[in-house]
*Asks:* 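The following block contains the structure, expressed as structure tokens.
We're numbering straight along the sequence, starting at 1. Remember, it's a predicted structure, so these values are computed and weren't measured experimentally. For the numbers below, each heavy atom of this structure counts, side chains included, while hydrogens, waters and symmetry mates do not.
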Amino acid sequence: MIAIQRLFMPKNKTNSLFTKLVVAFMVIIFFLIGLNYLTISLMSTEIRGEIVSYNSANLERTAGNYEQHFELVRKTMMSFYINENIQQFGKRENFIKYPAIQEELKRLVGNSLLMMEDVFLYSGTDEQVLDYKKSTVADQMFSVFLKQETYTKEFWVRQYTEDYSYKVLADATFYEQAYANAPATSYVYLPVVYKGYADSPFYMVGLLDSEKMFNQLQISVHDNLIIMNNDQILYENKAEHRIPDSNLNFAANKGFRIDDDYYYFYEQGKGTGFTYVSIVPVETISAQLKIKSALLTVLILSIFIAILSAVWFVRKINNPLKQIIESLLNQNKKMPESSRIKEFDAISEQFRHLSDAKEQADHELKSHKSLLQNFAYVNKMKDIWPRNELEVHFSDAPYLLIMFHLTIRHTFGDMITEHREKNESRWYSYVKEYIDLTISHDHRQPISFHMEKNQLMTIVFCESAEEVAPVLEKIKTTLDIDQSYGFATISVSSIYSHSDELTEAYEETLLRLQMRPLQAATIIMKDDSLDKRVQPTVSADQLREIASQLSAGNFANVRHAMNKLFGKLRERQYPATEAIKLAKLLMDRTIHLYNQGTGLLTVDHPFSHAQAESMIENCLSYEELESCLMSFFLQLHEQTEQLKQQVGTDKIIDFATQYVVANYSKAFNLEDVAGELKITSGYLSTYFKEKTGTNFVDYVNQIRIEKACEMLRDTELKAREIAELAGYQNINSFNRMFKKYTGMTPTEYRHQPRS
């Protein structure tokens, strides 16, 4: 009792907890009072003028940016208008020039500095409209592809009679409707018309992205911007307050007016004469002027409240040591190791040993309980124990299972080869600990346990899957930051209501995990994952095409076929497990077909089939999978080329290949070449295939198609003429062979971009 009294009534009151808290509290109060008073005293009375100047300067820069952009668009359209290809549009029956014109228009639209989404040419003489994607008539263009109530066909026809060469029209929402009753797609454009000279048979219309222009050219914290041409509003960015019906007199070149509780800052463009108006609410500026009086009021109230709080603090906490002891007993908080306050020093030593012992006991109990719970749930889900030997129960509340399957990147393992297993285990532990803590923070009493080294399973009690969606997105965002080391597949089950359904929920998460697409990034597999159906993607014809192209040495065509195949895989989000199987099947069947066609792959071939399969299994994305297969095919291609080089010393093969190159434009067959060599056609066919790996007919078609490609690139001859010069008397046969060897039609080949 005496010891307690000494604690509550210390002799040296200057070192008391009460004294220290009260003095510190009052020092902070008076320091803040002095600081606020000094700040208020130094406030300038010219806030209004500074804010007005700031908004005027911002509008001046905005107007300058728009003026420069409109001038850039005008000069660019003028330059394109006089382009030789563009001028061909105005000539009658010159449709053959349309592809060249569209290429010019495509380059114009592709200029990101112009922020032009589309541009079209309109001919009034024959009602033709041409943009970089299509050619159509005016009725269809302005009623289907660019449908707008104001900008109708009659409006565009009327532009021929109006006296101007360059004009910016008001922005509007255009609609594209591909067919009747189809949903319409909307676009917001700011049209710009360039007519060139007075009697021009056509004019250009550029469709600017007004929202993109606003985001890049406007400089202000306020989004209320209006661009006017006299009384016409060309652009308005969803302003909170439009220009009133009575209008404002913007007679001067620049300035500001106040009307209806709004500031109207305006600036007239030097080039276009447009008026740029920025609208700022009056309270935004006036509120700054009220700060001083408001702060003085707050300061007085703060002094009063601070004094009352100090008095209340001293009177209310009359027994702090008792409060601390009760807190220790109820909340199990560990005491500080040392303190300059003697009350804490007196009680810390008494409770330190007791707190340490209790904390250690609680930790051991919690660890043992967690191990037992983990063991029970894992065996329950995997159905290892009979039901009568082990029962796992929890409250019959709705729940779902979430499985986190972690994958480490190869590059991460390569960087740490010396301590690979140690660092991989550390990364797994860090990620699983973060996942466990994040879910526990957002959901009450989740049950988490480790299934495998790289798997974490969590039971979350909730009414619907939407409740866990935010925390899963949060985990995904964090793992995306760390994706240079690894990523996760997050498989989410449906909602279940009883612990007996735990095995069914576990099987559902495993099934959904198998539907993961082949992507090296964190993915959440939810309800719609099981709706995907795996469809056959590679046909026998595709396999034969790849093998034949390899045996013929056409590696570029092999790459084209592979790009097409893997484009379908990515588009359909093909599951990773099925994509790996498909890649192995593709490799095995291609080897088989290629070996049948060339006889190249022998038992002692240096390429390791097992090594290729191992590389395929370790691919983490469709791109890696395609690259792995292309590396394998490249080895086959290089062997084909080596074989062809060896063939160069064979007199029979030399004569046959030279005969084909010299006579490809004529009609001849295998018997003609064999007759020149004084051997039978059957022997020549077998010998040619054995030495070159290619059938004689395939070699002839390959040479003819190569010559046709040269003529398509270097001449303006028509396809029918090129077919005859290449040795094909039938245009259909030529088109079929050209598509087989190049993967495209002659027309597509001629118009493809050249490097």
*Asks:* When you compare the side chains of R257 and Y263, does any donor N or O come within less than 3.5 Å of an acceptor on the partner?
*Replies:* no
*Asks:* Quick one, F274 with F70, criterion ring-ring contact (aromatic ring centres under 6.0 Å, His included). Give me CA distance, side-chain angles, the key distance, then yes/no.
*Replies:* CA-CA 11 Å; F274 296 161; F70 285 135; 5.7 Å; yes
*Asks:* Are the ring centres of Y266 and F256 closer than 6.0 Å?
*Replies:* no
*Asks:* So, taking the atom named CG in N55 and the one named CD in E60, what distance separates them when rounded to the nearest 0.5 Å?
*Replies:*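 N55 CG to E60 CD: 13.0 Å, rounded to 0.5 Å.
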*Asks:* Is a side-chain donor or acceptor of N229 paired with a backbone partner of Q232 at a separation under 3.5 angstrom?
*Replies:* no
*Asks:* Any salt bridge linking K270 with E67? Criterion: basic side-chain nitrogen under 4.0 Å from a carboxylate oxygen.
*Replies:* no
*Asks:* With heavy-atom distances below 4.5 Å as the criterion, would you say the side chains of K147 and E176 are in contact?
*Replies:* no
*Asks:* Listed by chain and number, what are the salt bridge (Lys or Arg N to Asp or Glu O under 4.0 Å) partners of E154, not counting sequence neighbours?
*Replies:*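 Result, salt bridge (Lys or Arg N to Asp or Glu O under 4.0 Å) vs E154: none returned.
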*Asks:* Any sub-3.5 Å donor-acceptor pair from H69's side-chain atoms to M213's backbone N or O?
*Replies:*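 Here the side-chain-to-backbone pair does not exist.
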*Asks:* Mind checking side-chain hydrogen bond (donor to acceptor under 3.5 Å, both in side chains) for E71 and listing every partner two or more places apart, or none if nothing turns up?
*Replies:*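 With neighbours one apart ignored, the set is R74.
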*Asks:* As an exercise, state the distance from OG of S210 to CG of L217, rounded to the nearest 0.5 Å.
*Replies:* 11.0 Å
*Asks:* Just jot down the salt bridge (Lys or Arg N to Asp or Glu O under 4.0 Å) partners of K474, sequence neighbours excluded, or say none.
*Replies:* none
*Asks:* Are Y189 and F174 near enough that their ring centres are under 6.0 Å apart?
*Replies:*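 Yes - the distance between ring centres of Y189 and F174 falls below the 6.0 Å cut-off.
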*Asks:* Do the side-chain N and O atoms of T62 and N65 include a donor-acceptor pair separated by under 3.5 angstrom?
*Replies:* no
*Asks:* So, do Y122 and V205 sit near enough that their side-chain heavy atoms are less than 4.5 Å apart?
*Replies:*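 No; the side chains remain at least 4.5 Å from each other.
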*Asks:* Please say whether more than 12 non-hydrogen atoms of neighbouring residues, nucleotides or ligands are located less than 6.0 Å from CD in E149.
*Replies:* no
*Asks:* Please say which of Y81, F120, W156 ends up in a ring-ring contact (aromatic ring centres under 6.0 Å, His included) with F202.
*Replies:* Y81
*Asks:* Side chain of R512, backbone of V492: donor and acceptor closer than 3.5 Å?
*Replies:* yes
*Asks:* So, Y434 and D436: side-chain donor and acceptor under 3.5 Å apart, yes or no?
*Replies:* no
*Asks:* Do M77 and L114 have side chains that get closer than 4.5 Å, going by heavy atoms?
*Replies:*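 No; the side chains remain at least 4.5 Å from each other.
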*Asks:* Check side-chain hydrogen bond (donor to acceptor under 3.5 Å, both in side chains) between S464 and all other residues, then give those that pass, not counting sequence neighbours.
*Replies:* E466
*Asks:* To the nearest 0.5 Å, what is the distance between CG on D118 and CG on L146?
*Replies:* 6.5 Å
*Asks:* Can you see whether F145 has K134 sitting over its ring - NZ or CZ less than 6.0 Å from the centre and within 45° of the normal?
*Replies:* yes
*Asks:* Could you tell me whether a side-chain N or O of S186 sits under 3.5 Å from a main-chain N or O of Y175, the two making a donor and an acceptor?
*Replies:* no
*Asks:* Looking only at non-hydrogen atoms, find the nearest pair between Y151 and L169 and report the distance.
*Replies:* OH-CB, 3.5 Å
*Asks:* Do the side chain of E748 and the main chain of T745 share a donor and acceptor less than 3.5 angstrom apart?
*Replies:*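 Yes: the side chain of E748 pairs with the backbone of T745.
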*Asks:* If you draw a 6.0 Å radius around NZ in K564, do more than 12 non-hydrogen atoms from other residues or ligands fall strictly inside?
*Replies:*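 Counting other residues, nucleotides and ligands, NZ of K564 stays at 12 neighbours or fewer.
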*Asks:* Are Y203 and Y194 close enough, and set up right, to give a ring-ring contact (aromatic ring centres under 6.0 Å, His included), and what steps lead you there?
*Replies:* CA-CA 6 Å; Y203 61 79; Y194 186 83; over 10 Å; no
*Asks:* For the side chain of N215 and the backbone of E211, is there at least one donor-acceptor N/O pair under 3.5 Å apart?
*Replies:* yes
*Asks:* Rounded to the nearest 0.5 Å, how far does OG of S278 lie from CD of E267?
*Replies:*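 Output value for this atom pair is 11.0 Å.
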*Asks:* Is there a donor-acceptor contact under 3.5 Å from the side chain of T272 to the main chain of G269?
*Replies:* no
*Asks:* What I want to check is whether the side chains of Q159 and Y164 have a donor and an acceptor closer together than 3.5 Å.
*Replies:*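 Looking only at side-chain atoms, Y164 and Q159 do form a donor-acceptor pair, the distance falling under 3.5 Å.
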*Asks:* With a 4.5 Å heavy-atom cut-off, do E117 and L208 have their side chains touching?
*Replies:* no
*Asks:* Once rounded to the nearest 0.5 Å, what's the spacing between atom CZ of F487 and atom OG of S621?
*Replies:*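 If I round to the nearest 0.5 Å, the distance is 8.5 Å.
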*Asks:* Name all residues meeting the side-chain hydrogen bond (donor to acceptor under 3.5 Å, both in side chains) criterion together with K476; count only those two or more places apart in sequence or in a different chain, and write none if there are none.
*Replies:*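 Applying side-chain hydrogen bond (donor to acceptor under 3.5 Å, both in side chains) to K476 gives D480.
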*Asks:* What residues form a salt bridge (Lys or Arg N to Asp or Glu O under 4.0 Å) with K153, not counting sequence neighbours?
*Replies:* E127, D139
*Asks:* With a 4.5 Å heavy-atom cut-off, do V119 and D131 have their side chains touching?
*Replies:* no
*Asks:* Considering residues, nucleotides and ligands other than R570, do more than 12 of their heavy atoms fall under 6.0 Å from its CZ?
*Replies:* yes
*Asks:* Report the relative orientation of the aromatic rings in Y66 and Y276; use parallel for angles under 30°, tilted for 30 to 60°, perpendicular for over 60°.
*Replies:*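 Tilted.
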*Asks:* Measure from the side-chain N and O atoms of S79 to the backbone N and O of K75, and report whether any donor-acceptor pair falls under 3.5 Å.
*Replies:* no
*Asks:* What's the separation between atom OG1 in T136 and atom CZ in F142, rounded to the nearest 0.5 Å?
*Replies:* 9.5 Å
*Asks:* Donor-acceptor pair, distance only, cut-off 3.5 Å: does the side chain of K195 make one with the backbone of E162?
*Replies:* yes
